[in-house]
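To start, the structure under review is shown below, and the notes come after it.
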Amino acid sequence: MGKLDELREKADHFEIKKSWQYQLYITLALPALLFLAARLFRGEGMGVTLARLFHTYNLYVSSPLPNLAPFNGTGVLGLILFLGLCTWAVRRKDWTDLGITIALGAVNAVYFWMEWNYLLLRFVNIAGIVTI
């Protein structure tokens, strides 16, 4: 059995069972993949689309800070997801999982509250301007 077969076997047995794992997937893994793809294709039309998708995903899904201004609604889904993950940890009575989920949610909230997410937009072509 080679290394590739071992990795494939480990990947087959990998499961997400904890709230904090979902939290990391929603707030870090998916945005990171979108960011990397947007960065890779930044000079093309697909890069602009991916950059805008990255920004929109961050505002509506990752952000746990709701903005209830008319016609805005950013962060509402992120808050619902965070509260749902916390509730799931409480229902399972997994207090360590709840603590880690809350800590990750707090770090994520600070990230959006300090508006550090806008610093990342400088590295992708969200405006559609051709860069070389």
Taking ring pair (Phe, Tyr, Trp, His ring centres under 6.0 Å) as the cut-off, I'd like each qualifying pair that reaches into residues 75-122, sequence neighbours left out, listed once.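 Ring pair (Phe, Tyr, Trp, His ring centres under 6.0 Å) check on residues 75-122 returns Y22-W88, H55-Y118.
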
Side-chain heavy atoms under 4.5 angstrom apart, residues restricted to Ile, Leu, Val, Met, Phe, Trp, Tyr: same cluster for [X] and [Y]?
X	Y	result
M114	L79	no
V107	I100	no
Y25	V61	yes
L53	L28	no
L83	I26	no

Min side-chain heavy-atom separation [X]-[Y] under 4.5 Å:
X	Y	value
L24	W20	yes
L59	N117	yes
L98	S19	no
F35	L121	no
T27	L104	no

When rounded to the nearest 0.5 angstrom, what distance separates [atom1] in [X] from [atom2] in [Y]?
X	Y	atom1	atom2	answer
Q21	D97	CD	CG	8.0 Å
L34	Y57	CG	OH	8.0 Å
L36	L50	CG	CG	11.0 Å

Do you know which two heavy atoms are closest between I102 and C86, and how far apart they sit?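 For I102 versus C86, the nearest heavy atoms are CG1-SG, 3.9 Å.
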
Taking every non-hydrogen atom, the tightest pair across V124 and R39: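 Distance-wise, the nearest heavy atoms are CG1-N, 4.0 Å.
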
Would the distance check show the side chain of N58 and the main-chain N or O of P31 forming a donor-acceptor pair, the cut-off being under 3.5 Å?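 It does not hold such a pair.
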
Hey, does the side chain of T74 reach the backbone of Y60 with a donor-acceptor pair shorter than 3.5 angstrom?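 Here the side-chain-to-backbone pair does not exist.
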
